[in-house]
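Small disclaimer: the values here were computed from a predicted structure and weren't measured.
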Amino acid sequence: MDGLERVRSRNPSRRTGHSSIGRSLSRSSWNMEDVFSGSRRSSRVEDDEEALKWAAIERLPTYDRLRTSIMQSFVDHEIIGNKMEHREVDVRNLDMNDRQKFIDMLFKVAEEDNEKFLKKFRNRIDKVGITLPTVEVRFNHLTIEADCYVGSRALPTLANSARNLAESALGLFGISFAKKANLTILKDASGIIKPSRMTLLLGPPSSGKTTLLLALADKLDPTLRVKGEVTYNGYKLKEFVARKTSAYISQNDVHVGEMTVKETLDFSARCQGVGTRYDLLSELARREKDAGIFPEADVDLFMKATSVAGVESSLITDYTLKILGLDICKDIIVGNEMQRGISGGQKKRVTTGEMIVGPTKTLFMDEISTGLDSSTTFQIVKCLQQVVHLTEGTILMSLLQPAPETYDLFDDIILLSEGQIVYQGPREHVVEFFESCGFKCPERKGTADFLQEVTSKKDQEQYWADKRKPYRYITVTEFADRFKHFHVGMQLQSELAVPFDKSRGHRAALAFHKYSMSKMELLKACWDKEWLLIKRNSFIYVFKTVQIIIVAFISSTVFLRTEMHQRNLDDAQLYIGSLLFGMIINMFNGFAELSLMISRLPVFYKQRDLLFHPVWTFTLPTFLLRVPISILETVAWMAVTYYTVGYAPEASRFFKNFLLVFSVQQMASGLFRLIAGICRTMIIANTGGVLTLLLVFLLGGFIIPKRKN
């Protein structure tokens with residue numbers, strides 16, 4: 001036996017082949033009954049195993065139970081092929097591979113599988129009788145006006161900018177010189193954005209679509225004059241935090257170019273928090289436990305993983321990347337004018353994903369299809385439609401020229417022209433309304449294109465239906481008046497006449513706190529983001545350090561200690577000159593902060609307005625994380641220059657000079673960040689920075705003592 005074992009160990013291929021032949025012979029002797037009975041037995045074993053794991057989870061304390069779930073995965077089995085494995089996991093500790101496997105298994109085809117998953121999610125909610133919070137947005141007699149300069153006074157020249165600045169200062173005292181024209185952007189607009197329905201906002205350019213979206217999201221410019229009111233579930237905008245309850249998705253793509261797509265969405269998810277997801281999950285788990293219901297493993301894992309706040313990378317980010325088609329570029333930097341990154345269409349999807357990754361279900365989306373092809377737009381709108389219908393969200397989306405298949409995904413239409421609402425109601429009745437006005441959409445014409453052209457004076461005539469009657473131009477005001485007598489318009493007016501019953505709305509649907517997370521969690525998120533950007537821009541800081549070392553060597557050769565004497569006051573002037581030269585060089589070393597801060601400001605202002613985080617959570621990491629870099633640069637300067645120039649060798653003098661150089665560097669960095677924040681553009685900031693340096697050098701320098709007569 002020992003000899004046989006040695007032969008087998010020396011020739012493993014022979015041993016493997018022999019055993020495989022034995023297995024194949026044993027399989028050939030099976031009949032069909034044995035095969036199916038074996039598969040049934042394995043299925044029962046899997047079910048029993050899963051039931052035991054669920055029973056073990058149910059016995060856990062509530063805190064642990066809401067963070068523990070079962071993860072399903074397929075493993076290869078010798079006899080029955082792929083076998084479903086059930087593994088108990090802590091949703092807080094899911095690594096990147098586990099999250100990716102889960103998403104790939106659950107969402108193979110984004111549109112179809114997303115709908116299947118959301119239906120399973122909705123079935124779980126309905127099974128225990130939970131009603132999801134909804135938001136109904138109403139705007140009543142909304143009129144928005146602006147005062148505008150006319151003629152040459154409206155041109156953005158330097159002289160006009162100076163006059164505007166002076167007049168704005170005098171305007172504080174009620175003094176006005178310039179003549180301004182009154183421009184009405186929105187005129188007596190009223191309507192309802194209902195939950196669980198996709199609403200499309202259509203209109204030609206300059207019709208007031210963006211202004212309406214901004215007004216509903218409470219993001220209007222304070223210089224505009226606003227009449228009328230906007231309510232969410234009967235609450236006025238001042239009674240809750242509208243900017244946190246809803247999200248305005250701009251048509252401008254403003255992102256940090258050095259961050260990847262996934263990092264951008266992860267930061268957004270950390271700042272926005274989980275909202276009411278955890279409260280929903282805890283109530284759901286309580287009712288299921290009382291009813292003895294075991295949830296489906298994939299739905300339970302997803303809900304628990306997306307209800308945990310404070311994690312650096314959440315499953316909701318991977319889900320958003322998948323449904324937006326960004327999973328193929330998730331590890332590529334976004335890019336900017338100086339760095340190559342993702343395409344323009346992908347940037348547009350990142351802008352959308354940055355907001356839908358949060359818990360907000362009330363979205364006002366402005367031209368999200370810019371730069372996207374029709375198929376990608378259809379895919380995104382289809383996924384959003386599924387989210388709205390199955391999770392009872394509220395979406396008002398503005399699209400310029402949607403394709404017919406994309407147009408058919410919407411439930412309601414708002415047609416806006418010249419600041420007036422021409423139609424608002426179900427999509428099925430919009431063509432009927434214009435037929436009642438005498439205009440017909442041609443068979444081969446897209447309905448969306450017809451709606452945007454029928455109110456135009458140039459294009460309206462081609463849609464005149466009755467050729468026997470002479471054509472007459474119908475103004476936008478006439479369309480708006482006729483809509484009030486149309487059955488859809490009359491129903492809308494009757495709904496607006498009855499105030500919203502606040503008892504029907506859930507208080508959890510609105511946000512009453514300015515920030516979703518604690519201040520320390522937001523500080524930690526901003527700290528991690530700032531540290532990441534420092535690592536991405538490490539070349540700049542290495543270059544600055546090398547530069548200051550080279551200049552330090554040059555300074556040491558200019559003020560070499562063998563040439564520096566200590567005989568009289570004239571020799572002391574040389575030491576003052578070397579100190580002044582060192583201060584000037586270290587002052588210039590902070591000039592790089594100007595361009596860095598200018599590039600970061602647009603993203604900072606966007607996230608500040610979206611209430612991602614307070615201002616101080618941005619400025620504090622920006623200052624503190626650069627202190628070690630400043631200390632390193634100061635050490636490099638002092639190590640090369642101090643003893644080479646021949647300053648006093650006492651340790652106290654050395655550290656006093658060290659503190660002086662470090663303070664100058666911190667002052668310069670703070671000064672140039674302040675200039676960047678005030679000027680906000682690179683050209684003006686460079687001019688302001690140079691003027692500030694001239695002012696500092698003018699007021700500082702050699703000490704000229706008063707000579708005695």
Side-chain angles (χ1 to χ4, degrees), residues 49-73 85-99 101-103 106 117 120-133 244 266-319 357-361 391 506-509 511-513 515-525 527-528:
E49 180 185 348
E50 183 180 2
L52 287 173
K53 289 186 179 294
W54 279 119
I57 291 175
E58 289 298 320
R59 288 194 294 269
L60 293 173
T62 303
Y63 181 85
D64 295 330
R65 190 171 74 250
L66 296 181
R67 286 161 176 78
T68 307
S69 186
I70 294 177
M71 186 170 187
Q72 297 176 336
S73 59
E85 181 188 47
H86 301 86
R87 180 162 54 94
E88 187 176 314
V89 294
D90 187 339
V91 295
R92 294 168 296 179
N93 300 326
L94 290 175
D95 60 18
M96 182 176 61
N97 293 328
D98 288 338
R99 293 196 308 269
K101 286 179 183 178
F102 177 78
I103 292 295
L106 208 58
F117 173 77
K120 290 194 289 186
F121 166 82
R122 187 56 191 258
N123 289 336
R124 184 185 182 187
I125 299 293
D126 294 339
K127 198 177 292 184
V128 294
I130 291 180
T131 303
L132 294 175
K244 206 65 188 173
D266 277 332
F267 178 76
S268 176
R270 290 181 70 180
C271 291
Q272 295 186 70
V274 296
T276 58
R277 291 179 196 149
Y278 184 80
D279 298 331
L280 171 65
L281 179 64
S282 59
E283 178 65 19
L284 182 64
R286 185 186 65 80
R287 294 193 184 188
E288 285 180 339
K289 186 177 181 180
D290 295 341
I293 300 173
F294 288 155
E296 295 190 45
D298 51 359
V299 178
D300 184 72
L301 177 62
F302 182 86
M303 291 185 68
K304 288 179 178 177
T306 56
S307 301
V308 179
V311 293
E312 293 186 7
S313 184
S314 174
L315 188 65
I316 192 68
T317 302
D318 300 286
Y319 168 72
V357 78
T360 304
K361 294 197 302 180
T391 66
H506 200 292
R507 189 175 174 84
F512 293 90
H513 300 285
Y515 300 106
S516 305
M517 304 289 292
S518 66
K519 301 295 177 60
M520 291 308 299
E521 286 291 337
L522 294 175
L523 176 62
K524 188 176 184 298
W527 185 281
D528 293 340

inquiry  = Could you check whether any side-chain heavy atom of Phe512 comes within less than 4.5 Å of a side-chain heavy atom of Arg507, counting everything from C-beta outward?
reply    = yes
request  = Would you indicate whether the side-chain heavy atoms of Asn123 and Val299 approach each other to under 4.5 Å?
outcome  = no
ask   = What do the steps show when you test Asp528 against Phe267 for side chain to side chain contact (heavy atoms under 4.5 Å, CB included), and what is the final call?
value = CA-CA 9 Å; Asp528 293 340; Phe267 178 76; over 6 Å; no
inquiry  = So, taking the atom named CZ in Arg270 and the one named OG1 in Thr317, what distance separates them when rounded to the nearest 0.5 Å?
reply    = 10.5 Å
query = With a 4.5 Å limit on heavy-atom distance, are the side chains of Thr306 and Val274 in contact?
reply = no
remark   = All heavy atoms of Asp298 vs all of Phe102, minimum pair found to be O-CZ, 3.4 Å
task = Quick one: pull up CZ in Arg67 and NZ in Lys304 and give me the separation to the nearest 0.5 Å.
result = 10.5 Å
request  = Grab the two heavy atoms, one from Ala509 and one from Pro133, that are nearest each other, plus how far apart they are.
outcome  = CB-CB, 3.7 Å
ask   = Are Leu66 and Ser282 side-chain neighbours, meaning at least one heavy-atom pair lies under 4.5 Å?
value = yes
task = Evaluate the side chain to side chain contact (heavy atoms under 4.5 Å, CB included) criterion for residues Ser314 and Val308: first the C-alpha distance (whole Å), next the side-chain angles of each, then the deciding distance (0.1 Å), finally the verdict.
result = CA-CA 8 Å; Ser314 174; Val308 179; over 6 Å; no
query = Do Asp266 and Glu312 have side chains that get closer than 4.5 Å, going by heavy atoms?
reply = no
All ring pair (Phe, Tyr, Trp, His ring centres under 6.0 Å) counterparts of Phe117, not counting sequence neighbours = Phe107, Phe302
Shortest non-hydrogen contact between Arg277 and Gly358, atoms and distance = NH2-O, 3.1 Å
ask   = What closest approach, in Å, do Ala297 and Ser69 show between heavy atoms, and which atom pair accounts for it?
value = O-OG, 4.1 Å
request  = Measure the CG-OG distance between Leu523 and Ser518 for me, rounded to the nearest 0.5 Å.
outcome  = 9.5 Å
query = Are side-chain heavy atoms of Gln272 and Val357 found at a separation under 4.5 Å?
reply = yes
request  = Would you sort out whether Cys271 and Leu522 count as a side chain to side chain contact (heavy atoms under 4.5 Å, CB included), showing the intermediate values?
outcome  = CA-CA 6 Å; Cys271 291; Leu522 294 175; 4.3 Å; yes
ask   = Should Arg286 and Asp290 count as an ion pair when the cut-off is N to O under 4.0 Å?
value = yes
N/O donor-acceptor pair under 3.5 Å between Arg287 side chain and Val128 backbone = yes
key: Pairwise side-chain contact, Ile125 with Leu284, heavy-atom cut-off 4.5 Å (strictly under)   = yes
inquiry  = Would the distance check show the side chain of His513 and the main-chain N or O of Tyr515 forming a donor-acceptor pair, the cut-off being under 3.5 Å?
reply    = no
Heavy-atom pair of closest approach, residues Glu58 and Lys289 = OE1-CG, 3.4 Å
request  = Nearest 0.5 Å please: distance from the NZ atom of Lys244 over to the OG atom of Ser516.
outcome  = 3.5 Å
request  = Please lay out, stage by stage, how Val91 and Thr68 fare under the test side chain to side chain contact (heavy atoms under 4.5 Å, CB included).
outcome  = CA-CA 6 Å; Val91 295; Thr68 307; over 6 Å; no
request  = In plain terms, say whether Asp95 and Arg99 are close enough for a salt bridge, that is, a side-chain N and a carboxylate O under 4.0 Å apart.
outcome  = no
ask   = Between CZ of Phe121 and CG of Asp300, what distance do you get to the nearest 0.5 Å?
value = 12.0 Å
key: Flag if over 12 foreign heavy atoms under 6.0 Å of NZ, Lys120   = yes
key: Any Thr391 side-chain heavy atom under 4.5 Å of Arg122 side chain   = no
key: Cation over ring face, Arg65 and Tyr63, 6.0 Å, 45°   = no
ask   = What heavy-atom pair brings Asp98 and Met71 nearest, and what distance separates the two atoms?
value = O-CE, 3.0 Å
ask   = Is Glu288 paired with Arg124 through a side-chain N to carboxylate O contact shorter than 4.0 Å?
value = yes
